[in-house]
Amino acid sequence: MSPMYFSFTSAFILGLMGLAFNRSHLLSALLCLESMMLTLFIATAIWSMTLNSTSSSVIPMILLTFSACEASAGLAILVAASRSHGSDKLQNLNLLQC
């Protein structure tokens with residue numbers, strides 16, 4: 001495995017482990033998701049550059065668009081949760097309560 005692929009794989013796995021094990025605040029979960037999406041974006045951008053085809057160069061831009069939508073929706077949920085519950089702790093957010 002080349003060092004570049006190892007660094008992308010380890011960055012993605014670190015973001016996944018941070019999402020799985022550090023679940024105290026909503027903001028930390030959103031940052032872990034964003035790091036995973038940025039790792040995927042960089043990996044697909046480098047993959048499309050190595051293929052040298054114009055049809056695969058659209059894939060990183062689509063992934064970046066979905067990442068921006070995910071970030072804006074996550075921040076909207078963060079603002080709504082902190083306004084209604086007073087903090088962004090995930091233990092205080094119970095979706096079964098009205």
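Start at 1 with the first residue, then count along the sequence.
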Within one Ile-Leu-Val-Met-Phe-Trp-Tyr cluster: [X] and [Y], side-chain cutoff 4.5 Å:
X   : Y   : result
M36 : I46 : yes
M4  : W47 : no
F12 : Y5  : yes
L14 : F6  : no
M49 : I62 : no

Decide yes or no for [X] and [Y]: does some side-chain heavy atom of the first lie under 4.5 Å from some side-chain heavy atom of the second?
X   : Y   : value
S87 : S82 : no
F8  : L40 : no
I13 : M17 : yes

If you take all heavy atoms of [X] and [Y], which pair is closest and at what distance?
X   : Y   : result
G15 : S35 : CA-OG, 3.8 Å
G74 : L30 : O-CD1, 3.4 Å
S48 : P60 : OG-CG, 3.8 Å
E34 : S67 : OE2-OG, 3.2 Å
S28 : N22 : OG-O, 3.7 Å
T39 : A11 : OG1-CB, 3.8 Å

To the nearest 0.5 Å, what is the distance between [atom1] ([X]) and [atom2] ([Y])?
X   : Y   : atom1 : atom2 : answer
T65 : F41 : OG1   : CZ    : 9.5 Å
L63 : T44 : CG    : OG1   : 5.0 Å
H85 : L26 : NE2   : CG    : 10.5 Å
L38 : L64 : CG    : CG    : 8.0 Å
L78 : H25 : CG    : NE2   : 11.0 Å

### Task
Before giving the answer on side chain to side chain contact (heavy atoms under 4.5 Å, CB included), spell out for L33 and M37 the whole-Å C-alpha distance, their side-chain angles and the decisive distance to 0.1 Å.
CA-CA 6 Å; L33 280 175; M37 289 298 286; 5.6 Å; no
### Message
Can you confirm whether more than 12 heavy atoms, excluding those of M61, are under 6.0 Å from its CE atom?
### Response
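No, because the 6.0 Å sphere around CE of M61 holds 12 heavy atoms or fewer from other groups.
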